[in-house]
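Just so it is clear, the values below take in all heavy atoms, side chains as well, and ignore hydrogens, waters and symmetry mates. Note that this is a predicted model, so its numbers are computed, not measured.
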Amino acid sequence: MAAADSQVFSLSALYQQACRIHQQASDLSGADADNVVKAGAAVMQQCQAAMDQLALFSNNEDADDIATADLKYMLIPAMHGDILAQTQVRDPEVRRHTLQSAVRHYSRFLELCEQYGLLSKDVNAAARLDGQEPLDQNTKRQQKVQRFKREREIKAKMANVQMKRMRIAHIQEEDGVADDQDEESEREASLLQIELETMKAVEQTQMLQQVGNCSVKLLIIRALLDAAPKKPG
């Protein structure tokens, strides 16, 4: 029991560290960003290993079976993808490899959410379009408008839940009594965050695949230039 408690504490501490690095990576650019990306990727790998060791998520469960405190750990693969997507390396081959890794982590996150029935119909449909024929501009525009509206709704709901949690915390502080509503609001906040991140993961995956294709083209151009006969000096 003590070993399990220690693992939970380790994952909790790693997750908090990962969240801090995740925020830093989105605020930096250039060489500083790449240093944070490397540090963040290492922490994310530790988080993933700790999560796998604890076997928090199982194929024979649904979302209701996940403990409220564990829901946030579903975001680890998405956060890993976010951090790798911030890479600023110029080498096309290294960049392509890093972005492909980011796409794999986004895919793992989406698969985990689908497993637990946490993908909305629209996100599920968009995720399944990967690798298929590109959509026409009108359909893309409609999907973008729908995503924007849903994102706005989710963020408004998250703000309301946050205010609710603050009120509950204030009441608990005054009364010194735990309230089941606090866990309910925490669960609602986590589920909303997960839904928001699924939408982002699909968008990022589509964007990174386009960037990756550009990196492949750069590799081909560089190979052709290297193979071209050199003019005598």
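- Residues H80 and Q45 meet the side-chain proximity criterion, which asks for heavy atoms closer than 4.5 Å.
- Nearest heavy atoms, M44 versus A18: CE-CB, 3.5 Å.
- M163 and M158 fall into different hydrophobic clusters, where Ile, Leu, Val, Met, Phe, Trp and Tyr residues are linked whenever their side-chain heavy atoms come under 4.5 Å apart, directly or through other members.
- Checked by atom type and distance alone, the side chain of R147 never pairs as donor or acceptor with a backbone atom of M199 at under 3.5 Å.
- Counting heavy atoms from C-beta outward, M74 and I66 have side chains that approach closer than 4.5 Å.
- When atom types are taken as modelled, the side chain of S120 and the backbone of V123 share a donor-acceptor pair closer than 3.5 angstrom.
- Heavy-atom minimum distance, I83 versus A41: CG2-N, 4.1 Å.
- Using a 4.5 Å cut-off on side-chain heavy atoms (C-beta onward), L118 and T198 make no contact.
- Here the side chains of R20 and Q16 are in contact, with some heavy-atom distance below 4.5 Å.
- Under 4.0 Å is where a charged nitrogen must lie from a carboxylate oxygen, and between D70 and R187 no such pair does.
- Inspection of the T68 and E186 side chains reveals no N or O donor paired with an N or O acceptor under 3.5 Å.
- Shown here for S185 and V161, the closest heavy-atom pair between the two residues is O-CG1, 3.3 Å.
- Under a hydrophobic clustering in which Ile, Leu, Val, Met, Phe, Trp and Tyr are joined whenever their side-chain heavy atoms come within less than 4.5 Å, directly or via other members, M207 and V103 fall into the same cluster.
- Listed for the D34 side chain is a donor-acceptor partner under 3.5 Å among the backbone atoms of Q88.
- A85 and A102 make their closest contact through N-CB, 4.0 Å (heavy atoms, listed as atom of the first residue, atom of the second, distance).
- To the nearest 0.5 Å, the span separating CD on E188 from CG on N160 amounts to 9.0 Å.
- Remark: Q48 CD to L11 CG distance equals 9.5 Å, nearest 0.5 Å.
- Judged purely by distance below 3.5 Å, without hydrogens or angles, the side chains of E197 and Q193 pair a donor atom with an acceptor atom.
- Taken to the nearest 0.5 Å, the OG atom of S107 stands 11.5 Å off from the CD atom of Q100.
- In this structure, CD1 in I154 is found 7.0 Å from CD in E151, a value given to the nearest 0.5 Å.
- Every residue meeting the side chain to side chain contact (heavy atoms under 4.5 Å, CB included) condition with S101, not counting sequence neighbours, appears here in chain and number order: L84, R104, H105.
- Annotation for V43 and L14: closest pair CG1-O, 3.8 Å, computed over non-hydrogen atoms.
- Here the CD atom belonging to Q162 is positioned 11.5 Å from the CG atom belonging to L192, to the nearest 0.5 angstrom.
- For the atom pair CD of E203 and NZ of K200, the computed distance is 9.5 Å after rounding to the nearest 0.5 Å.
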Show the numbers, then the answer: is there a side-chain contact (heavy atoms from CB on, under 4.5 Å) between Q142 and N138?
CA-CA 6 Å; Q142 290 178 349; N138 186 49; 3.5 Å; yes

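- Scanning both residues, I21 and G40, for their nearest heavy atoms gives CG2-CA, 3.4 Å.
- The stretch residues 152-161 participates, sequence neighbours left out, in these salt bridge (Lys or Arg N to Asp or Glu O under 4.0 Å) pairs: R150-E153.
- Taking N59 as the reference, nothing meets the side-chain hydrogen bond (donor to acceptor under 3.5 Å, both in side chains) condition, with sequence neighbours excluded.
- Each of F57, Y15, F109 was scored for a ring pair (Phe, Tyr, Trp, His ring centres under 6.0 Å) with Y73, with one residue passing: Y15.
- A donor atom on one side chain and an acceptor atom on the other are not found under 3.5 Å apart for Q86 and D82.
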